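As the structure lists them, so they are numbered: ligands from 1, and atoms in each ligand from 1. What you see is a predicted model; the values in this text were computed from it and never measured.
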Amino acid sequence: MLRNWSEVYSVGIPTIDEQHQGFFAASHRLYEQILDREANQGVAEAIAFMRDYAGSHFQTEEAFMRDHEYPALAAHQALHAAFFARLDALAEDLATFGPSPDLAERALDLTQDWLVDHIADEDVLYALHAKSHAAGAPRD
Ligand SMILES: [Fe+2]
């Protein structure tokens with residue numbers, strides 16, 4: 001099921017909320033491209049876009065955590081790295097087997113369900129940490 005960002009996913013940091021919305025949009029685009037069997041080039045582009053988007057989003061988050069001396073930064077970075085490992089595995093399977101409804105579901109599971117769980121279980125923790133310590137804004 002395609003999900004959109006909603007207020008329930010807000011971590012209360014506008015820059016990061018906006019990027020999470022963009023992450024959902026990139027997820028939708030990837031899903032739709034995989035379902036469109038004619039769109040091999042579109043799949044490659046959607047994967048590349050997701051990789052770039054996630055990369056700069058994770059950098060924003062990690063800079064924010066560093067700025068707020070978040071103690072679990074290394075563990076959080078490991079989760080981001082694990083995301084890329086799964087994205088690479090998906091990209092490889094797409095290249096090997098071609099787009100399919102199964103791989104479209106797997107893309108949703110990785111990029112969207114992962115994101116929802118990651119926001120709720122992990123991103124809220126650095127947001128709470130930042131709120132309970134010094135106030136500040138994420139670096140550009
Ligand atoms: Fe994160």
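Side-chain contact check for Glu61 and His20: at least one donor-acceptor pair (N or O, by modelled atom type) lies under 3.5 Å.
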Contacts table for residues 90-97: side-chain donor-acceptor under 3.5 angstrom, sequence neighbours left out:
| residue | atom | partner | partner atom | Å |
| --- | --- | --- | --- | --- |
| Asp93 | OD2 | Arg106 | NH1 | 2.8 |
| Asp93 | OD2 | Arg106 | NH2 | 3.1 |
| Thr96 | OG1 | Glu92 | O | 2.8 |

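The cationic group of Arg51 does not satisfy the cation-pi geometry with Phe84, failing either the under 6.0 Å distance to the six-membered ring centre or the 45° limit from the ring axis.
Using a 30° and 60° split on the angle between ring planes, His80 and His76 fall in the perpendicular class, above 60°. Using the six-membered ring where Trp is involved, Phe24 and His28 have ring planes that are perpendicular, over 60° apart on the 30 and 60° scheme.
For Gln77, the CD atom counts as densely surrounded, since its 6.0 Å shell holds more than 12 non-hydrogen atoms of other residues, nucleotides or ligands.
Around the Fe ion (ligand 1), the protein N, O or S atoms found under 2.8 Å comprise Glu61 OE1, His76 NE2, His80 NE2, His118 NE2, Asp123 OD1.
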